[in-house]
Amino acid sequence: MILSIFEIEAPGRDVAVQFELEPLSGPSGEPVPVRWARLAGHVAPGKRGLDFEGRVDAELTLQCSRCLEPFTTAISGAVQLTLVADAVEYAVGEAQIHEEDTSLFYATEGKVDLRWVTTEQLYLQLPMKPVCRPDCRGLCPHCGANRNVEPCACRASAGDPRLAPLAELLRRGE
């Protein structure tokens, strides 16, 4: 859905759209399929442009950073943006960006593709280290077995021998 920032007048209007998006690029560069994504909120004229306040919701298939298995998860987050016309002041050279500029979304020729807004907000909501479940045991560092599925026969490492004096202090309770 394309939103023209020059056509929205007070008191504004509600927006609710659902998208099928292309896969995102995950934290390690792997593709992250988006099963569905929804952007809903209210857009109204503000001081610098159009103020958009709402939510983004989606269901994604991520890869667990511990066991490397794919899992499906829901992502949800609040969205507060100011939609403004083209960023002429940032087009050439260096410019200092202030804190109030971080919530700006620039509309090329005064038009905002809400698909791009949704995609940007999903990137901001992606976890850096996705985990399929809090108690995921991950992969064995020696044989590579998925410890959630099968126990491995590898012995636990004794640890770094340089830390043995500290381990002795812990053992003695000092």
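- Going from atom CH2 of Trp116 over to atom CG of Leu21 covers 10.0 Å, rounded to the nearest 0.5 Å.
- Contact detail for Ala107 and Val112: the closest heavy-atom pair is CB-CG2, 3.3 Å.
- For the pair Arg115 (side chain) and Glu20 (backbone), a donor-acceptor distance under 3.5 Å is present.
- In this structure the side chain of Cys136 reaches within 4.5 angstrom of the side chain of Arg133, judged on heavy atoms.
- Although no hydrogens or angles enter the test, the distance criterion places no donor-acceptor pair under 3.5 Å between the side chain of Gln63 and the main chain of Pro70.
- With rounding to the nearest 0.5 angstrom, the CG atom of Leu60 is 10.0 Å from the CD atom of Gln125.
- The shortest non-hydrogen separation linking Met1 to Phe19 is N-CE2, 3.8 Å.
- Here the straight-line distance linking atom CG of Leu114 with atom CD of Gln18 works out to 13.5 Å at 0.5 Å rounding.
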(request) With side-chain hydrogen bond (donor to acceptor under 3.5 Å, both in side chains) as the test, would you mind laying out the steps for Arg55 and Ser76 before giving the verdict? (result) CA-CA 7 Å; Arg55 293 198 64 73; Ser76 183; 2.4 Å; yes
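- Using modelled atom types, no side-chain atom of Tyr123 and backbone atom of Thr118 make a donor-acceptor pair closer than 3.5 Å.
- A 4.5 Å side-chain heavy-atom check between Arg48 and Leu104 finds at least one atom pair inside the cut-off.
- For the pair Asn148 and Arg137, the tightest heavy-atom approach, listed with the atom from each and the gap, is OD1-N, 2.8 Å.
- Using a 4.5 Å heavy-atom threshold, the side chains of Arg35 and Thr72 count as touching.
- At distances below 3.5 Å, not a single donor-acceptor pair connects side-chain atoms of Thr82 with backbone N or O atoms of Gly49.
- The minimum heavy-atom distance linking Val131 with Ser65 is given by the pair CG2-OG, 4.1 Å.
- No side-chain heavy atom of Val32 sits under 4.5 Å from any side-chain heavy atom of Thr61.
- Between Val56 and Gln121, the closest heavy-atom pair is CG1-CB, 3.9 Å.
- For the pair Val43/Arg13, a side-chain contact is recorded, criterion being any heavy-atom separation below 4.5 Å from C-beta on.
- Taken to the nearest 0.5 Å, the CG atom of Leu50 stands 12.5 Å off from the CZ atom of Phe105.
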(request) Apply side-chain contact (heavy atoms from CB on, under 4.5 Å) to the pair Ile75 and Asp57, showing each step before the final yes or no. (result) CA-CA 6 Å; Ile75 289 186; Asp57 300 293; over 6 Å; no
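- Expressed to the nearest 0.5 Å, how far CG of Leu39 lies from CD of Glu120 amounts to 11.0 Å.
- Contact check for Pro130 versus Cys64: no side-chain heavy atoms found under the 4.5 Å cut-off.
- Considering only heavy atoms from C-beta on, Leu81 stays 4.5 Å or farther from Asp51 through its side chain.
- Across Cys154 and Cys140, no two heavy atoms sit closer than the pair SG-SG, 3.7 Å.
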(message) Under the criterion side-chain contact (heavy atoms from CB on, under 4.5 Å), I'd like the reasoning laid out for Asn146 against Glu69: C-alpha separation, chi angles, the key distance, then a yes or no.
(response) CA-CA 9 Å; Asn146 184 342; Glu69 293 294 324; 3.6 Å; yes
(request) Check the pair Leu62 / Phe71 against side-chain contact (heavy atoms from CB on, under 4.5 Å), numbers first and verdict last. (result) CA-CA 6 Å; Leu62 297 169; Phe71 69 100; 3.9 Å; yes
(request) In sequence, state the C-alpha distance, the side-chain angles, and the governing distance for Leu68 and Leu139, and then conclude on side-chain contact (heavy atoms from CB on, under 4.5 Å). (result) CA-CA 8 Å; Leu68 304 180; Leu139 300 176; 3.6 Å; yes
